Amino acid sequence: MNTIRVSASRPYDVLVGRGLLEKTGGLAAGIVAPCKAAVISDDTVFRLHGLSAVRSLEAAGFSVTALTFPAGEASKNLATYGRILNHLAADHFTRSDLIVALGGGVTGDLAGFVAATYLRGVSYIQIPTTLLAAVDSSVGGKTAVDLDAGKNLVGAFYQPSLVICDPDTLSTLPREVFRDGCAEVIKYGVLGNRTFFEELETTPAEEQLEHVISVCVEMKRDVVQADEFDRGERQKLNLGHSFGHAIEKISAFTVSHGSAVAMGMAMIARAAENLGFCAPAEAERITALLARYGLPTEIPYGAEDLYQAARSDKKIGANAIQLVVPDGIGRCHLEKVPVADLPRWLAAGGAK
Ligand SMILES: NC(=O)c1ccc[n+]([C@@H]2O[C@H](COP(=O)([O-])OP(=O)(O)OC[C@H]3O[C@@H](n4cnc5c(N)ncnc54)[C@H](O)[C@@H]3O)[C@@H](O)[C@H]2O)c1
Ligand SMILES: [Zn+2]
């Protein structure tokens, strides 16, 4: 088992190891005295992995309530959030009780926001069950739900008390969901770890899951520690996301997040090459690795659509957009690009 300490405003450990799900109860008892625990999960994940977590928590003396919702991003909204809060109140949960988020990023974001706001904050544990949640959303304390006007528009920075990551839970993931997570994994290599990128080139991620998750969590930990509240350094995690979000939006979210990020990364790598930031061979290796993991690298949308979607990104400020630009594999910089200059970047990225 690997233990990764995150020294954020609330310090906590991320535990990465096979078979940890069955030890949830004992691990939870290490951070809070046995109390009421609400296991929040989507119906798919609960069916597959809920019982292990619940049994283990009960064996350690917790009194467990399971709160489930239909799987999918559509559930990450104020209605589900409100329903869960009302359940907690009806069950007389107090500030010294515990929330357990068992699932992917949707569950983690939703349950985390519940934990951040119920009675002004109760402790919570993240148990990520998707690759994306393991390497990204379960660490760092960003919690949120979606509004009609867009994704993640209401939320809080609220760190968990513990993250339990059991790579065995990923074995039940649909292939496409696993592949989506690989886009984020490759992102970490491009962003700041050339050795890791090379490891992904030589050995498939699924054959080295514990290592892959640990490396990504350590990198995310470093970024979060440097910039917990997302004012600068943390923006580097948006590599591939500025164009990726635009692609998701144009597709009306029919292109998955991971596929969109892969396309966004391929685009920014090409743009970096064409604008002289990145050597052609390096940019080609980035695109080739994405393709090797079954991710798309060609963009099926036109430059004008991409421009309109990218300029309306919520992360755009004062008429400029921060692009994360690879200078090579393992090295990136933030480039403040005026909106007026975006078409040049999109064209350089291969948009027609
Ligand atoms: N908080 C953050 O820092 C952060 C970072 C990145 C993404 N996010 C958020 O994460 C969400 C996406 O996360 P996601 O891709 O994990 O989505 P998700 O939670 O919807 O999971 C994807 C699908 O996989 C299923 N699933 C999950 N674990 C499974 C398992 N072990 N076996 C079988 N099926 C399983 C789920 O039921 C769901 O249908 C988005 O809402 C995004 O905004 C948050
Ligand atoms: Zn992402």
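No experiment lies behind these values; they were computed from the predicted model shown.
- Checked by atom type and distance alone, the side chain of Glu248 never pairs as donor or acceptor with a backbone atom of Ala260 at under 3.5 Å.
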| message | Using the rule given for side-chain contact (heavy atoms from CB on, under 4.5 Å), can you reason through Asn193 versus Met219, listing the C-alpha separation, both sets of side-chain angles and the distance that settles it, and then say yes or no? | response | CA-CA 9 Å; Asn193 192 333; Met219 288 183 69; 3.7 Å; yes

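- A salt bridge (Lys or Arg N to Asp or Glu O under 4.0 Å) check over residues 263-278, counting only residues at least two apart or in different chains, returns the pairs Arg270-Glu298.
- Between Arg5 and Asp13 there is a salt bridge, with a side-chain nitrogen of the basic residue lying less than 4.0 Å from a carboxylate oxygen of the acidic one.
- The ring-ring contact (aromatic ring centres under 6.0 Å, His included) pairs that include a residue from residues 259-313 are Phe277-His333, Phe277-Trp345, where partners are two or more places apart or lie in different chains.
- Applying the ring-ring contact (aromatic ring centres under 6.0 Å, His included) rule to Phe229 yields the partners Phe157; only residues at least two apart in sequence or on another chain are considered.
- Sorted by first then second residue, the ring-ring contact (aromatic ring centres under 6.0 Å, His included) pairs that include residues 68-92, not counting sequence neighbours, are Tyr81-Phe113.
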| query | Hey, mind stepping through Arg179 and Glu176 against salt bridge (charged side-chain N to carboxylate O under 4.0 Å, His left out) and telling me if it holds? | reply | CA-CA 5 Å; Arg179 195 183 55 202; Glu176 327 77 76; over 6 Å; no

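- With a 6.0 Å radius and a threshold of 12 heavy atoms from other residues, nucleotides or ligands, Lys23 has its NZ atom at or below the threshold.
- With hydrogens and angles disregarded, no donor-acceptor distance shorter than 3.5 Å links the side chain of Arg18 to the backbone of Asp168.
- Between Lys142 and Asp230, at least one side-chain nitrogen of the basic residue sits less than 4.0 Å from a carboxylate oxygen of the acidic one, meeting the salt-bridge criterion.
- With Ser56 contributing its side chain and Ala53 its backbone, the two residues share no donor-acceptor pair below 3.5 Å.
- Pairs engaging residues 342-351 under the salt bridge (Lys or Arg N to Asp or Glu O under 4.0 Å) rule: Asp341-Arg344 [sequence neighbours left out].
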| task | Could you walk me through whether Phe197 and Arg285 pass the side-chain contact (heavy atoms from CB on, under 4.5 Å) test, one step at a time? | result | CA-CA 10 Å; Phe197 184 95; Arg285 260 172 88 182; 4.2 Å; yes

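- Screening residues 42-55 for side chain to side chain donor-acceptor pair (under 3.5 Å), with sequence neighbours left out, gives His49-Thr172.
- A donor-acceptor pair under 3.5 Å is absent between the side-chain atoms of Asp146 and the main chain of Gly150, judged by distance alone.
- Residues passing the salt bridge (charged side-chain N to carboxylate O under 4.0 Å, His left out) test with Glu73 are Lys76, sequence neighbours excluded.
- Checking side-chain atoms of Asp180 against main-chain N and O of Ala183 turns up no donor-acceptor pair under 3.5 Å.
- Gln159 and Ser9 form no side-chain donor-acceptor contact under 3.5 Å, judged by distance and modelled atom types alone.
- For the pair Lys187 and Glu184, the salt-bridge criterion is met [side-chain N within less than 4.0 Å of a carboxylate O].
- No donor-acceptor pair under 3.5 Å is formed between the side chain of Glu335 and the backbone N or O of Leu323.
- With sequence neighbours excluded, no residue satisfies ring-ring contact (aromatic ring centres under 6.0 Å, His included) with Phe62.
- Annotation: ring-ring contact (aromatic ring centres under 6.0 Å, His included) contacts of Phe93 (sequence neighbours excluded): none.
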| message | For a salt bridge (charged side-chain N to carboxylate O under 4.0 Å, His left out) check, start with the C-alpha distance between Lys220 and Asp136, then their side-chain angles and the critical distance, and finish with the verdict. | response | CA-CA 7 Å; Lys220 175 127 192 199; Asp136 193 353; 2.8 Å; yes

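- By the ring-ring contact (aromatic ring centres under 6.0 Å, His included) test, Tyr188 is found to be paired with no residue, residues two or more places apart in sequence or in another chain being considered.
- Side-chain N/O atoms of Ser312 and Lys249 include a donor and acceptor closer than 3.5 Å.
- For Thr24 (side chain) and Leu21 (main-chain N/O), a donor-acceptor pair under 3.5 Å exists by modelled atom type.
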| message | Please evaluate residues Val163 and Leu15 with respect to the criterion side-chain contact (heavy atoms from CB on, under 4.5 Å), reporting the C-alpha separation (whole Å), side-chain torsions for both, the decisive distance (0.1 Å), and the verdict. | response | CA-CA 6 Å; Val163 181; Leu15 311 177; over 6 Å; no

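- Although no hydrogens or angles enter the test, the distance criterion places no donor-acceptor pair under 3.5 Å between the side chain of Asn152 and the main chain of Ala144.
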| said: What verdict does the side-chain contact (heavy atoms from CB on, under 4.5 Å) test give for Leu27 and Leu162, after you've listed the backbone C-alpha separation in whole Å, the side-chain angles of each residue and the deciding distance to 0.1 Å? | reply: CA-CA 9 Å; Leu27 297 169; Leu162 180 67; 4.1 Å; yes

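- Screening residues 120-153 for ring-ring contact (aromatic ring centres under 6.0 Å, His included) gives Tyr124-Tyr158 as the qualifying pairs, with residues at least two apart or on separate chains.
- Note on residues 204-213: pairs passing side chain to side chain donor-acceptor pair (under 3.5 Å), not counting sequence neighbours, are Glu199-His211.
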| query | Going through the distances and angles, do Asp166 and Thr169 end up as a side-chain hydrogen bond (donor to acceptor under 3.5 Å, both in side chains)? | reply | CA-CA 6 Å; Asp166 178 351; Thr169 62; 5.4 Å; no

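- A donor-acceptor pair is defined here as one N or O able to donate and one able to accept, closer than 3.5 Å; such a pair exists between the side chain of Arg234 and the backbone of Glu228.
- With Asn2 contributing its side chain and Val16 its backbone, the two residues share no donor-acceptor pair below 3.5 Å.
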